[in-house]
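Worksheet: the structure to be examined is printed underneath.
As a basis for the values below, the full set of heavy atoms in this structure was taken, side chains included, without hydrogen atoms, waters or symmetry mates.
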Amino acid sequence: MRTLIVGCIPVDNAKNRAYALRMGCGDVPFPPPYKDSVIAQCEDCGGDIHVGPKLQESREVMTRIRQPFRVLCLLCASLDARQGGTAVFPLSGKQAGE
């Protein structure tokens, strides 16, 4: 079974800004998190990420059905996508902050 990559909004903090700068993306804006998000860590860089309610539900379902997945910040997910074979699926029609 193929491992799904789940990209999450990075927390706007010094550690994540420094990582983005090292990766050549220092000027990329950090979008606002979804309402009722919780904080988790990116499985690649260890930076703080926002996990919205819809993704929390999806994580529970993927765990229950034993679907392999990795939760990454948007920067790490983008870098992973450069290797090819990555598909992006929206989990909801919500806009940031909703």
- prompt: Hydrophobic cluster mates of Val11, side-chain heavy atoms under 4.5 angstrom, ILVMFWY only, any path?
  reply: Ile39
What pairs of donor and acceptor atoms, side-chain ones from residues 17-29 against any protein atom, are under 3.5 angstrom apart with sequence neighbours left out?
| unit_1 | atom_1 | unit_2 | atom_2 | d |
| --- | --- | --- | --- | --- |
| Arg17 | NE | Asp12 | OD1 | 2.8 |
| Arg17 | NH2 | Asp12 | OD1 | 3.2 |
| Arg17 | NH2 | Asp12 | OD2 | 3.2 |

field: Reported CD-to-CG distance for the pair Gln67 and Leu4, which is rounded to 0.5 angstrom
entry: 4.0 Å
message: If you define the side chain from C-beta out and look only at heavy atoms, does anything of Cys73 sit under 4.5 Å from Asn16?
response: no
query: Between Val6 and Arg59, is any pair of side-chain heavy atoms under 4.5 Å apart?
result: no
- prompt: Nearest 0.5 Å, what's the CZ-NE2 distance between Phe30 and His50?
  reply: 9.5 Å
- prompt: Taking atom CG of Leu74 and atom CG of Leu79, what is their separation to the nearest 0.5 Å?
  reply: 11.0 Å
message: Walk me through whether Thr3 and Arg70 qualify under side chain to side chain contact (heavy atoms under 4.5 Å, CB included).
response: CA-CA 7 Å; Thr3 300; Arg70 294 173 54 222; 3.8 Å; yes
query: Atom SG in Cys76, atom CD in Glu43: separation rounded to 0.5 Å?
result: 10.5 Å
- prompt: How far does CD of Gln41 sit from SG of Cys8, to the nearest 0.5 angstrom?
  reply: 11.0 Å
